[in-house]
Amino acid sequence: QVQLVDSGGGLVQAGGSLRLSCAASGRTFSRYAMGWFLQAPGKEREFVIVINSSGGSTSYADSVKGRFTISRDNAKNTVYLQMNSLKPEDTAVYYCAAAMEYRRIGWSPDYWGQGTQVTVSS
């Protein structure tokens, strides 16, 4: 089992950048695929991005390609979401997630962080 703690959210102007972090507990972090979902007000949670356990493969939602990148530091049990060129429509609660299985399409996490709010003003 793994526990996830998200951080790094905040208020930023359109065009700005934020970096979210997700710290994981446990000694098996390097075996998990890690990713992020978002949930905007009044909408369902949706996939943003995922990285495999080694960091050698990633998959992105079309809405964030070219703007968001994911990386991981297995020595620090941490995954990062770098968000650039932010838009007001990126405003949401962002949730870190983990799963033993990695999929480029239809990735389904087993574990979730508590979420961190990202607000992009126009």
Checking side chain to side chain contact (heavy atoms under 4.5 Å, CB included) for the pair Ser7/Thr116: CA distance, chi angles, key distance, verdict?
CA-CA 6 Å; Ser7 64; Thr116 184; 5.6 Å; no

For Leu4 and Met34, run side chain to side chain contact (heavy atoms under 4.5 Å, CB included): C-alpha distance rounded to whole Å, both residues' side-chain angles, the deciding distance at 0.1 Å, then the answer.
CA-CA 10 Å; Leu4 307 174; Met34 301 294 298; 3.8 Å; yes

Chi angles and distances behind the side chain to side chain contact (heavy atoms under 4.5 Å, CB included) call for Ile70, Val50:
CA-CA 7 Å; Ile70 189 170; Val50 61; 5.7 Å; no

Would you please test Phe37 and Glu46 for side chain to side chain contact (heavy atoms under 4.5 Å, CB included) and show each step?
CA-CA 5 Å; Phe37 283 66; Glu46 62 183 66; 5.6 Å; no

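The OG atom of Ser108 lies 11.5 Å from the CZ atom of Phe47; values are rounded to the nearest 0.5 Å. Here the OG1-CD1 distance, from Thr69 to Ile51, works out to 9.0 Å after rounding to the nearest 0.5 Å. Distance OH/Tyr94 to SG/Cys22: 15.0 Å, rounded to 0.5 Å. In this structure, CH2 on Trp36 lies 5.0 Å from SG on Cys96, to the nearest 0.5 angstrom. Interatomic distance, CG of Asn74 versus OG of Ser53, reported as 7.5 Å (0.5 Å rounding). In this structure, Leu20 CG and Leu81 CG are separated by 5.0 Å, a value rounded to the nearest 0.5 Å.
The local environment of CD in Gln117 is crowded, with over 12 non-hydrogen atoms from other residues, nucleotides or ligands closer than 6.0 Å.
When all heavy atoms are compared, the tightest approach of Leu18 to Val118 is CD1-CG1, 3.8 Å. The shortest heavy-atom contact between Pro88 and Ala14 is CD-CB, 4.0 Å. Shown here for Leu11 and Ser121, the closest heavy-atom pair between the two residues is CD1-CB, 4.3 Å. Heavy-atom minimum distance, Gly113 versus Tyr95: O-CD2, 3.6 Å. When all heavy atoms of Tyr111 and Val2 are compared, the closest pair comes out as CD1-CG1, 3.4 Å. Across all non-hydrogen atoms, the minimal contact from Phe29 to Asp73 is CE2-O, 4.0 Å.
Under the 3.5 Å distance criterion, the side-chain polar atoms of Trp107 are matched with a main-chain donor or acceptor of Glu101. Checking side-chain atoms of Thr78 against main-chain N and O of Ala23 turns up no donor-acceptor pair under 3.5 Å. Of the possible polar contacts, one joining the Arg104 side chain to the Thr58 backbone as a donor-acceptor pair under 3.5 Å is found. With hydrogens and angles disregarded, a donor-acceptor distance shorter than 3.5 Å links the side chain of Asp6 to the backbone of Gly115. Of the possible donor and acceptor atoms, none in the side chain of Arg45 sits under 3.5 Å from a partner among the backbone N and O of Val93. With Arg67 contributing its side chain and Ser85 its backbone, the two residues share a donor-acceptor pair below 3.5 Å.
A heavy-atom distance below 4.5 Å is not found between the side chains of Ser71 and Gln82. Looking only at side-chain heavy atoms (C-beta outward), Tyr32 and Met100 come within less than 4.5 Å of each other.
With hydrophobic clusters built from ILVMFWY side chains whose heavy atoms lie under 4.5 angstrom apart, Tyr80 does not share a cluster with Ile49. In the hydrophobic cluster analysis, where Ile, Leu, Val, Met, Phe, Trp and Tyr join through side-chain heavy atoms closer than 4.5 angstrom, Val12 is grouped together with Leu38.
At a threshold of 4.0 Å, the pair Asp90-Lys87 does not count as salt-bridged, since none of the basic side-chain nitrogens sits closer than that to a carboxylate oxygen.
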